Amino acid sequence: MRGKKTFMGKEALTKVFEPRTAEARWYQYWLDNDFFHAADESAKKPFSIVIPPPNVTGMLHMGHALNNVLQDICIRYRRMQGYNTLWMPGMDHAGIATQNVVEQELAREGLTRHDLGREKFIERVWEWKAKYGGVIIHQLKRLGCSCDWSRERFTMDEGLSRAVREVFVRLYNDGLVYRGDYIVNWCPRCRTAISDLEVEYRQEAGHLWSIRYPFVEGEGGIVVATTRPETMLGDTAVAVNPGDERYRELVGREVVLPLMNRRIPVIADDYVTMEFGSGAVKITPASDPNDFAMAERHRLDIIRIMDEGAVINKNGGAYEGQDRYECRRNVVRDLEAGGYLVGTEPYAHNIGQCYRCKTHIEPAVSRQWFVRIAPLARAATAAVITGKTRIIPSSWEATYFDWMNNIRDWCISRQIWWGHRIPVWNCEGCGRMIVAARDPDRCPDCGGAALGQEEDVLDTWFSSALWPFSTLGWPERTGALATFYPTSLLVTGFDILFFWVARMMMMGIYVMKEVPFRDVYLHALVRDEQGEKMSKSKGNIIDPLEMMDRFGTDAFRFTLAAFTAQGRDVRMSEERIEGYKYFVNKIWNATRFSMMHIGEDAARYVVRREDASVADRWIQSRLNRTVVEVVRGLDEYRFNDAAAALYQFIWHEFCDWYLELVKPVLYGNDDDAARRAAQKTLVDVLQTSLRLLHPFMPFLTEEIWQTLVADGSSVMVSEYPAPDEAASDPDAEREMALIMEVITRIRNIRGEMNIAPSLKLRATLVAPGGELQATLEKGRVAITILANLAGLTIAGGAAEQKGAAMAVAGPVQVYVQLAGVIDIAAEESRLQKEIARVDKDLAVVSRKLGNPEFLAKAAEAVVRKEQEKARELGEKRAALEAARTRLSTLAAGG
RNA sequence: GGGCGGGUAGCUCAGCCGGGAGAGCGCCACGCUUACACCGUGGAUGUCACAGGUUCAAGUCCUGUUCCGCCUACCA
């Protein structure tokens with residue numbers, strides 16, 4: 001253990017918890033003590049997570065908050081369990097996004113990146129990064145993230161750049177990377193190719209134009225339908241289905257392309273759907289992926305009619321210089337004027353747009369680099385099938401497999417400047433292409449030194465795909481890599497399952513011969529209260545920083561955990577966060593109360609078992625049950641279950657019941673041993689609860705721990721509670737359940753009968769059997785105080801209870817003397833209601849027991865349970881009925 | 001077109017392997033009881049989307065219908 005700075009514990013907790021100061025103080029304390037640090041070598045078992053690197057341009061939003069809080073919960077949990085934990089942090093250079101940001105900055109100065117030139121521009125981006133980049137890192141710290149910041153990486157740093165080059169070269173040498181002229185998704189605004197995944201499709205209202213292409217010879221023509229008339233300028237064929245009777249004899253003939261006066265052939269291809277439109281399709285190989293594929297099959301000409309900005313080029317004849325939409329209007333106008341336009345109808349269709357800038361994608365043919373990933377996909381699929389990597393929730397497996405099985409080559413080149421420049425050089429002397437991890441000096445063939453490097457950079461996701469091993473030092477054989485690869489867990493949103501997770505799987509297996517992670521937990525998207533996706537344009541963004549400011553980070557974190565049910569979106573709601581702020585307050589005050597009543601050394605008390613009250617044993621047993629649930633929840637990534645178990649236990653068992661139950665013991669002077677037992681229990685339960693809660697609420701728990709325990713230790717490196725069968729105490733649970741029900745019954749009578757809470761009542765409990773009476777006797781003080789009684793009689797046989805309200809708590813009859821104040825009508829209706837309720841239950845049970853098939857086929861235990869239930873309900877009903885009879889006698893008697 | 005998820009209390013949702021419908025918030029009543037009014041006590045509220053089926057038993061399993069989301073896809 002490294003040197004530890006201690007924080008001087010305060011005498012007592014302040015009246016209210018102050019999140020802001022506590023958060024800053026404890027985060028610094030953790031840093032100062034190096035608690036986030038992971039050792040490259042350790043006797044402890046490793047547990048590692050690599051962060052989904054946020055964009056260097058990123059600002060913390062709800063998605064980040066959820067993602068990182070879940071990771072922090074997992075990492076703190078494992079750390080406390082004694083693992084050598086590494087949470088590897090870092091950022092992504094986010095090629096297009098970052099370049100856009102810096103270009104916008106330049107635009108404000110009236111400059112473009114071309115004014116600066118490539119080198120200066122890149123410098124400018126680095127300057128931008130130094131100045132503004134990494135805001136999100138500070139924001140992650142505010143969330144409490146316990147990353148090992150000493151290892152922070154950036155996808156463009158030296159080590160990672162080297163990894164990128166190494167992998168590229170390997171892929172190339174293995175024949176998995178190639179360059180070629182193919183049709184790709186082109187963004188005319190970003191002026192770069194993007195991958196299939198980076199295209200977002202949205203339905204938009206458009207038109208379907210029908211155009212007649214006249215035959216070269218003879219009368220008539222053929223009608224084609226299109227949503228993009230301007231692309232006709234580049235048409236090189238018209239296609240029909242080979243099985244289409246209507247067009248059978250037209251195949252092989254030629255038509256004249258209107259406006260261009262070019263002769264193009266009519267061809268036959270299975271791709272064409274006979275039922276759609278006229279059954280004939282215009283083919284524009286340079287502007288449509290399907291047409292491009294057809295051009296390859298039929299060796300058609302490929303005519304590019306647009307430039308990089310989607311402006312018509314010289315191949316567009318008279319339309320040269322026009323923007324694609326301007327051109328569309330003009331083409332339609334001219335077609336109409338020429339009598340070629342046969343029809344126009346409104347038509348809704350999907351249009352692809354750039355996921356970065358939302359500009360309409362222009363499919364275009366260009367020279368790009370591709371990765372052939374199908375062979376890598378097979379291994380990535382197998383890894384999940386064999387369970388080497390688990391996807392949680394498993395419902396995502398199907399989606400993963402589907403994508404892997406239909407995978408297409410990945411376009412990895414981008415025509416931008418900010419990114420990893422492709423490590424390929426072309427010799428100006430002999431034209432030789434050199435693919436190398438290190439910059440070559442001269443051409444190996446001709447020895448020439450005039451080598452020009454490829455202009456393109458790699459898709460940002462290329463470097464992200466290497467993240468699990470590149471951040472650990474690969475291609476060096478580092479200790480970190482040996483210790484932490486494969487990583488234990490990846491936590492990320494399902495929206496980047498293909499972008500990132502799938503590619504990391506492929507690259508990890510390809511490069512490391514081992515999967516990159518054991519578990520992949522995919523969490524949901526965060527939406528607003530109405531279930532809408534949060535977006536700036538809708539103005540429904542809930543800012544996590546604001547939430548932390550207003551409600552405290554712990555409340556915010558707990559809310560996220562409580563909302564994270566598997567397979568469902570998270571609907572964020574300020575009200576819920578506020579609710580958990582109240583929970584924070586509750587815990588704070590429960591501790592304050594406890595500390596007022598326990599001595600300095602209560603934690604060291606040794607309590608004999610016989611001195612522990614049933615309440616003491618009960619709360620310990622319940623706590624153990626909670627430990628079981630929380631641990632299971634965290635092990636199974638059921639964060640909401642874990643959070644709910646904690647909430648329920650702390651608020652509704654510990655605070656609502658246990659604290660009330662121990663008050664008489666703490667206040668009283670008569671029983672020192674019992675008081676010490678209670679104090680000891682109080683401290684133990686509190687400390688265990690804090691440890692359990694710590695991954696969810698790191699700041700609050702540390703603040704309390706430092707004051708409560710005050711021995712210089714930190715809760716964040718204390719041992720996480722483990723289930724302990726010895727603490728399980730079914731007897732105490734059963735006994736307390738009865739005592740609690742008796743108290744609730746009496747309170748219920750008070751409420752229902754409208755009796756002032758201040759009025760002390762007398763009650764009689766009638767219990768058959770000495771054991772039950774003994775149990776009630778143990779609860780005598782608790783019942784008296786919590787039900788606010790002036791006197792309590794515990795009896796064996798039915799006594800005449802004149803003027804008493806009556807209720808049943810299991811086998812115990814509860815009488816509350818209301819002599820003088822009893823409202824007979826009210827009591828009558830109360831009993832009536834109770835009887836009706838019992839009758840309803842009884843009817844269900846009797847129906848089952850009256851069914852011979854149930855008796856014959858149901859499990860024996862189930863039958864026995866039903867029989868027991870029937871007996872209890874019967875007894876309860878009889879007692880209530882008797883009370884009602886007495887009541888009517890009383891009423892009749894006056 | 002294909003795939004996935006969902007329709008449970010006024011709202012937001014939880015309900016694992018089928019065996020007495022739950023939580024939080026909201027609502028109603030009462031209470032400033034010396035940890036907490038960011039609180040306490042008590043209470044009301046559900047044809048578990050619909051229709052079939054399997055089963056002794058279905059919110060839970062199966063089939064179909066319907067509505068709502070999301071993902072995915074080359075019908076111009």
Side-chain angles (χ1 to χ4, degrees), chain A residues 13 15-17 201 208 224-228 231 239 271-284 288-294 347 349-350 393 395-396 398-399 402-403 406 494-495 497-498 524-525 527 529-531 533 555 562-563 565 567-569 571 573 575-576 578-597 632 636 638 640-641 644 647-648 652 655-656 659-660 663 667 743-744 747-752 754-758 785-788 841 844-845 847-848 851-859 861-863 865-866 869 873:
Chain A
L13 297 179
K15 177 96 181 171
V16 291
F17 175 57
Y201 289 91
L208 191 63
V224 297
T226 182
T227 54
R228 303 202 52 197
T231 62
Y271 159 74
V272 183
T273 313
M274 291 187 274
E275 294 73 30
F276 188 87
S278 63
V281 194
K282 60 190 271 313
I283 302 300
T284 321
D288 184 281
N290 305 304
D291 295 6
F292 182 81
M294 204 179 299
Y347 190 72
H349 60 134
N350 282 333
S395 53
W396 284 105
T399 310
D402 189 56
W403 188 74
N406 297 305
F494 62 75
D495 51 326
L497 177 61
F498 305 143
L525 242 53
R527 296 171 183 281
E529 263 180 287
Q530 277 68 46
K533 215 166 165 172
F563 268 129
R568 225 193 235 256
D569 288 341
R571 295 200 188 193
S573 129
E575 276 183 12
R576 282 290 287 269
E578 189 177 26
Y580 289 118
K581 187 187 112 181
Y582 297 160
F583 182 42
V584 166
N585 180 255
K586 188 77 180 174
I587 297 165
W588 183 258
N589 280 297
T591 311
R592 265 191 346 121
F593 167 79
S594 302
M595 288 182 68
M596 286 175 195
H597 296 285
R632 190 178 54 208
E636 296 176 4
R638 303 174 67 92
N640 59 324
D641 285 353
Y647 186 91
Q648 170 65 25
H652 296 304
C655 292
D656 285 355
L659 291 187
E660 297 305 321
K663 277 178 184 175
Y667 294 155
I743 292 168
T744 304
R747 285 169 169 176
N748 171 277
I749 288 172
R750 273 182 184 282
E752 295 278 282
N754 258 324
I755 295 160
S758 52
I785 307 256
L786 297 195
N788 194 23
D841 292 347
V844 174
V845 179
R847 195 169 341 115
K848 279 191 187 175
N851 180 352
E853 288 201 273
F854 172 75
L855 297 175
K857 294 182 181 170
V862 174
V863 175
K865 208 169 131 195
E866 291 298 316
K869 204 193 302 176
L873 286 170

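Quick caveat: nothing in here was measured; it's all calculated off a predicted structure. Below, chains carry the letters A, B, ... as their sequence lines are ordered, and counting in each starts from 1.
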**OP:** Among B:rC56, B:rA35, B:rU12, find the nucleotide with the atom closest to the side chain of A:Ala858.
**Re:** B:rC56
**OP:** Could you please name the option among B:rA76, B:rC56, B:rG15 that lies closest to any side-chain atom of A:Thr227?
**Re:** B:rA76
Expected output: side-chain [X] to main-chain [Y] donor-acceptor under 3.5 Å:
{"X": "A:Arg747", "Y": "A:Leu786", "value": "yes"}
{"X": "A:Asn406", "Y": "A:Asp402", "value": "yes"}
{"X": "A:Arg750", "Y": "A:Asn788", "value": "yes"}

Subject >> base_contact_polar (B:rC36 base, A:Lys586 side chain, donor-acceptor, <3.5 Å) >> reply: yes
Original post:
Can you find a donor-acceptor N/O pair under 3.5 angstrom joining the side chain of A:Glu660 to the base of B:rA35?
Top reply: yes
Original post:
Reading RNA chain B 5' to 3', how would its secondary structure be written in dot-bracket notation, given Watson-Crick and G-U pairs with both distances under 3.5 Å, brackets [ ] for crossing pairs and | for partners on other strands?
Top reply: (((((((..((((.....[..)))).(((((.......))))).....(((((..]....))))))))))))....
Below 3.5 Å is the cut-off: list the nitrogen or oxygen pairs between protein and nucleotides 42-45 of chain B, distance only.
| unit_1 | atom_1 | unit_2 | atom_2 | d |
| --- | --- | --- | --- | --- |
| B:rG42 | O3' | A:Asn748 | ND2 | 3.3 |
| B:rG43 | OP1 | A:Asn748 | ND2 | 2.9 |
| B:rA44 | OP1 | A:Arg837 | NH2 | 2.9 |

Whole-Å [atom1] distance, [N] and [M]:
{"N": "B:rU45", "M": "B:rA37", "atom1": "P", "result": "31 Å"}
{"N": "B:rG7", "M": "B:rG59", "atom1": "C1'", "result": "12 Å"}
{"N": "B:rG20", "M": "B:rG24", "atom1": "C1'", "result": "23 Å"}
{"N": "B:rC75", "M": "B:rG6", "atom1": "C1'", "result": "30 Å"}
{"N": "B:rA51", "M": "B:rU66", "atom1": "P", "result": "15 Å"}
{"N": "B:rG53", "M": "B:rC13", "atom1": "P", "result": "33 Å"}
{"N": "B:rU63", "M": "B:rG3", "atom1": "P", "result": "13 Å"}

Subject >> Side-chain N,O (A:Lys663) to OP1/OP2 (B:rU34) below 4.0 Å >> reply: no
**OP:** Please check the phosphate of B:rA76 (OP1 and OP2 only) for any side-chain N or O of A:Tyr347 closer than 4.0 Å.
**Re:** yes
Original post:
Can you check the A:Phe593 CZ to B:rU34 C1' distance for me, whole Å?
Top reply: 10 Å
**OP:** Considering only NZ, NE, NH1 and NH2 on the basic side and carboxylate oxygens on the acidic side, decide whether A:Glu660 and A:Lys663 come within less than 4.0 Å.
**Re:** yes
Original post:
Base, sugar-phosphate, or nothing for A:Leu659, non-hydrogen atoms under 4.0 angstrom?
Top reply: base
Subject >> B:rC17, syn or anti by chi within 90 degrees of zero >> reply: syn
